[in-house]
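Contents: one structure, followed by commentary.
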Amino acid sequence: MELKYEPNRIERKWQEYWDKNNFYKTSEDPSKPKYYALEMFPYPSGNLHMGHVRNYAIGDVIARYKAMNGFNVLHPMGWDSFGLPAENAAIKHGIHPAKWTFSNIDAMKQQLKTLGISYDWDREIATCRPDYYKFTQWMFLKLYDNGLAYKKSAAVNWCPSCQTVLANEQVVEGACERCETKVDKKKLEQWFFKITDYAQRLLDDLEQLEGWPDKVKIMQRNWIGRSEGCQFSMAIEGSDEMLTVFTTRPDTVYGVTYMVLAPEHPLVSVIAKGTPQEEAVKAFINEVKFISDVDRSSADLEKTGVFTGAYAINPMNGEKVPIWIANYVLMDYGTGAIMAVPAHDQRDFEFARKYNLPIRQVIKSNDPTDENNQLETAYAGDGYMINSGDFDGLSVEEGKQKIIAYMEANNIGSATVNFRLRDWLISRQRYWGAPIPMVYCPECGPVPVPYEDLPVLLPEDVNFKITGESPLNYVESFYKTNCPVCGSEARRETDTMDTFVCSSWYFNRYCSPDLKDMPFDPDQVNYWMPVDQYIGGVEHAILHLMYARFFTKFLYDIKMINSLEPFSNLLTQGMVLKDGSKMSKSKGNVVSPEEIIKHYGADTARLFILFASPPERDLEWSDQGVEGCYRFLNRIWRLVQDYAPLFAEDSESLNTASLNPRDKDLYYKVHATIKKVSEDIQERFNFNTAISAIMELSNHLNSYREVQDKNPALIKLAIDNLLILLSPFSPHICEELWQQTGHQSSIYLQPWPRYNPDALILDEVEMVIQISGKVKERIKVPINSAKEELEQIALDNPKIMALTDGREIVKIVVVPNKLINIVIK
RNA sequence: GCGGGCGUGGCGGAAUGGCAGACGCACCAGACUUAGGAUCUGGCGGGAAACCGUGGAGGUUCAAGUCCUCUCGCCCGCACCA
């Protein structure tokens, strides 16, 4: 008999037990339904924070619950271990990124293990290990072979102080996240993945993702940004060049009074050449160059521009309109050029006002009171066409179609779909990433590294000084190579891949973690994939989740896997807050999981974090709340210690037919709790209410202590179930108490209990009597009493009689076993 | 500006249209104790009560935290996307 609950001792004991007996090791088993539970793998920063604990605690409840319900569960863990922080550590402290990373992984793995999560550690992966990044490179080659990886010159984020390129995600509000210097754009040759080829499918298949939060689907939909319209070309006066524009409002094409090009548009210098405006145009382009990209794309920026001196011909009416350049037109959307319709576009309207350009109304509102003669703002609403030649009188919708049809018939333009989504820039001028497996041969040009030569290994001896180029550029043994095709001296690509590439396919690798020649075995992947439940922070709503979807579709297309989507169900967990804001070092409000575990144990930490709030919502950290969960576990401990002797020797089985009312009440509570906890986990992931139901059962058991003639078999039933129900949340204490109450095998191997519907049928229920919707009285009646009987009981009730005396009863509403509502006048 | 979410006791949070505040924390009182920051018991939205209470104003309904309309506040995402 143990007197005191000592979490650290029993947690170590059971973690060792699970470890030694390969408890959570999984393999394919066609006889059982599979369940793939996955939490987003962490970057190994070196210490676990509360957000991780929350993420993995949620995942563990689901994984354990499913396993106990007969599923063959895959629940792996690994490390997203390439990336900038390791290299920064190298620059700052002179530690090699590999050494830094691997020691962080060791440290974090130790911390993770103290949480008692049911991981199959045999499947652990680290994206920075050659046996993993070999296949990240394999993915690159497959994409390249299929025309989905290409190189082009592009403007990238450049920090002038650090002298290096930054990933988009390392740019925070237009500044470098490390030194807070304003980020510039710099043109460099870069590798891209053609995710835009998949834009429509990425958009369409969102419909299939019923298990995803709408919020995330909406964010992806907006990010993809599909818009329908048409693209058409205009002749430029005195030039052979054509000017192509994209518009979603072809119905307003008769309202075009000028054209606008982005200042970077290649046609600008051509058309301005030799005009009196040439100097002004050059000056304006120079001016725009000095405005940062962030300010450039801000709606607050004042719209400015300059006339190019050239004119375009509107193909619909032959009208000559001036071509301007302006800061509000962006080169990287559409064609980098627009037709300006100031009467029906607010931006064009403001610009036209400022530069005294004509405004011509071509859409009239259907609302006759809406006299829009003196336009104060652009009119973007519905209506019918005017001033539009043969098209007058058509509605906006009809007009769009008819104009496009006309353009197509006359070879002016055609219907087009435009996406906001851009191709994915994957080059990084950094060391600590997967090298891009390409070779540049003076004879053969760019040549992919043959599959059999993978991996292209990262060299170890590298100087990390900041130069603005990849450190690999200075490692001769790395870049000097021979062409795989012709054998002549060639140079390796020295850029490495964005770490999002590594995390776009890792969930497949867990299915075949040790496979040598292929990223995964199709049979194994097709057994496990798709992930049944994916859990992580909402900050990955777009980037990671979109890239992973893209990779999955690509792998489907090349017949490597059978699923079109990687994650059937997605749970986006809320943040862990302290004093109302996100835990961060700079705010000094960080609570370390290590400290909490040391003090209270992992069971308490897990329980608190699951109890304090439903998983999707933000969670406010409370030291006192933790204390409360610790007290609860102590109460459970004592409860079992006190009751154990009672049923230790008594193996009599429970006779449910002869329960006294007090026992029946406890018996009811046991089954009601099984039902509630099962439903809360299974249907809604509402762990907080599941835990509170378990607390209620424990409270019932506690008050049962006062009962004189206790029923040992009933207590045993209650305690067994209590421990099983609590075990996914706080597994160690439950294993320990399970063993102490005489069970031979692990509680994890217990089947999840089923509630007995008969146990939930009570003899008597409490009902409420309302008068006109207000509760006036409570009565106890036999369950399922007849409506007429209930009405009579209510009307005969003295309190109700007094209140209804002399009033007319309009009607009586009876909700079975709940309430009787007497409506009076 | 557009899109999404959230407003319930002192706090975290519960409530298939059917008893608002489950469960926990904090607090108060009592018990046990040399002691209590341990444990146990009880209380705990406001109000003396009738009653009043889910950000605010209307509405639907026998019945609204829940449904509808308007409105205020906070949080998150996107933001000159043609």
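Chain letters run A, B, ... following the sequence lines, proteins first and then strands; every chain starts at 1.
A distance of about 14 Å separates the C1' atoms of B:rG13 and B:rC6, rounded to the whole Å. Distance noted for atom P between B:rC44 and B:rC28: 16 Å (whole Å). As rounded to the nearest Å, B:rA64 and B:rG53 have P atoms that lie 11 Å from one another. The same atom, C1', is picked in B:rG12 and in B:rG4; the two are 24 Å apart, to the nearest Å. B:rG5 sits 23 Å from B:rG9 when the C1' atoms are compared, rounded to a whole Å. With both ends at atom P, the span from B:rC19 to B:rC67 equals 16 Å, rounded to whole Å. Straight-line distance between the C1' atoms of B:rG73 and B:rC80: roughly 29 Å, to the nearest whole Å. Nucleotides B:rG59 and B:rU54 are separated by 16 Å at their P atoms, to the nearest Å.
Nearest nucleotide to the A:N222 side chain, out of B:rG3, B:rA14, B:rC76: B:rG3. Checked against B:rC78, B:rA38, B:rC23, the side chain of A:R631 finds its nearest nucleotide in B:rA38. Nearest to the side chain of A:R617, among B:rC19, B:rA14, B:rG12, sits B:rA14. Of the candidate nucleotides B:rC23, B:rC76, B:rA82, B:rC23 has the atom nearest to the side chain of A:E696. Checking B:rG24, B:rG77, B:rG3 against every side-chain atom of A:I218, the shortest atom distance belongs to B:rG3. Comparing B:rC62, B:rG12, B:rC23 against the side chain of A:N821 picks out B:rC62 as the nearest. With distances taken from any side-chain atom of A:V775 to the nucleotides B:rA82, B:rA20, B:rG13, the minimum falls on B:rA20. For A:K818, the side-chain atoms get nearest to B:rU16 when compared with the rest of B:rA22, B:rU16, B:rC78. Taking every side-chain heavy atom of A:F611 into account, B:rC23 is the closest of B:rC19, B:rC80, B:rC23. Out of B:rA26, B:rG4, B:rC19, the shortest distance to the side chain of A:Q624 is found at B:rA26.
Across all strands, A:V768 comes closer than 4.0 Å to base atoms (heavy-atom distances). Within the 4.0 angstrom heavy-atom criterion, only backbone atoms of the sugar-phosphate kind lie near A:N699; the bases stay farther away. As judged by a 4.0 angstrom heavy-atom cut-off over every strand, A:D332 is placed among residues making no nucleic acid contact. Contact annotation for A:S622: no contact, since no heavy-atom pair falls under 4.0 Å across all strands. As judged by a 4.0 angstrom heavy-atom cut-off over every strand, A:K776 is placed among residues touching the sugar-phosphate backbone only. Residue contacts shown for A:T335 are absent, as no nucleic acid heavy atom lies under 4.0 Å away. At the heavy-atom level, A:R684 lies under 4.0 Å from the strands shown only through sugar-phosphate atoms. Within the nucleic acid shown, A:G628 comes within 4.0 Å of sugar-phosphate atoms alone, with no base atom in reach, counting heavy atoms only.
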Under a cut-off of 3.5 Å for both distances of each Watson-Crick or G-U pair, what dot-bracket string does RNA chain B give, using [ ] for crossing pairs and | for inter-strand pairs?
-> (((((((..(((.....[....))).(((((.......))))).((....))..(((((..]....))))))))))))....
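Between A:L543 atom CG and B:rG77 atom C1' the separation is 12 Å, expressed in whole Å. Rounded to whole Å, the distance from CG on A:D680 to C1' on B:rC23 is 12 Å. Between A:Y600 atom OH and B:rC25 atom C1' there is a gap of 13 Å when expressed in whole angstrom units. Summarising the geometry, the separation between CZ on A:F246 and C1' on B:rA82 is reported as 8 Å, rounded to the nearest angstrom. Spacing between atom CZ of A:R778 and atom C1' of B:rA20 amounts to 11 Å, rounded to whole angstrom units. In this entry the distance linking CD of A:E679 with C1' of B:rA15 reads 15 Å, nearest Å. As a whole-Å value, the separation of A:L819 CG from B:rU16 C1' is 14 Å.
Map A:E706 and A:N686 each onto its nearest nucleotide of RNA chain B; the residue landing nearer the 5' end is A:N686.
Contact check of residues 798-805 of chain A against RNA chain B (heavy atom, cut-off under 4.0 Å) returns no residues at all.
Ring planes of A:F687 and A:F685: tilted class, angle from 30 to 60°.
Here A:S727 pairs with A:M68, A:C734, A:I747 under the side-chain contact (heavy atoms from CB on, under 4.5 Å) rule; sequence neighbours left out. Considering only residues two or more places apart in sequence or on other chains, A:H700 meets the ring pair (Phe, Tyr, Trp, His ring centres under 6.0 Å) condition with none of them. Every residue two or more places apart in sequence or in another chain that forms a ring pair (Phe, Tyr, Trp, His ring centres under 6.0 Å) with A:F608 is listed here: A:W621.
A cation-pi arrangement, defined by a distance under 6.0 Å to the six-membered ring centre and an angle within 45 degrees of its axis, is present between A:K675 and A:Y755.
Side-chain atoms of A:Q220 and A:R549 include a donor-acceptor pair closer than 3.5 Å. For the residue pair A:T244/A:S233, the side-chain donor-acceptor check at 3.5 Å is satisfied. At a cut-off of 3.5 Å, with distance as the only test, a side-chain donor of A:S227 or A:Y333 sits close to an acceptor on the other residue.
Under a 4.0 Å N-O distance rule, the pair A:K354/A:E302 qualifies as a salt bridge. We find that A:D665 and A:K669 are not joined by a salt bridge, their nearest charged nitrogen and carboxylate oxygen being 4.0 Å or further apart.
Taking 90° from 0 as the syn/anti boundary, the base of B:rG5 is oriented anti.
One finds no side-chain N or O of A:S772 lying less than 4.0 angstrom from the OP1 or OP2 phosphate oxygen of B:rA63. Look at A:K811 and you'll find a side-chain N or O under 4.0 angstrom from OP1 or OP2 of B:rC62. In terms of phosphate contacts, A:N418 brings no side-chain nitrogen or oxygen within less than 4.0 Å of OP1 or OP2 of B:rA82. In this structure, A:R638 reaches the B:rC40 phosphate: one of its side-chain N or O atoms is under 4.0 Å from OP1 or OP2.
Of all the heavy atoms in A:R249 and A:M339, the pair that sits closest is O-CE, 3.4 Å.
Rounded to the nearest 0.5 Å, atoms OG (A:S772) and CD1 (A:I822) are 9.0 Å apart.
Evaluated for a ring pair (Phe, Tyr, Trp, His ring centres under 6.0 Å) with A:W424, the options A:F500, A:W223, A:Y547 yield exactly one hit, A:Y547.
In this structure the side chain of A:F232 reaches within 4.5 angstrom of the side chain of A:T247, judged on heavy atoms. Annotation: side chain of A:T604 is not in contact with side chain of A:F632 (no heavy-atom distance under 4.5 Å).
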Test A:F351 against A:Y328 for ring-ring contact (aromatic ring centres under 6.0 Å, His included), laying out the working first.
-> CA-CA 9 Å; A:F351 193 80; A:Y328 76 97; 5.3 Å; yes
For nucleotides 52-55 of chain B, give me every protein contact, N/O to N/O, under 3.5 Å, one pair per line with atom names.
none

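Interface remark: the A:K303 side chain does form a donor-acceptor pair with the B:rC80 base, using a distance-only criterion of under 3.5 Å.
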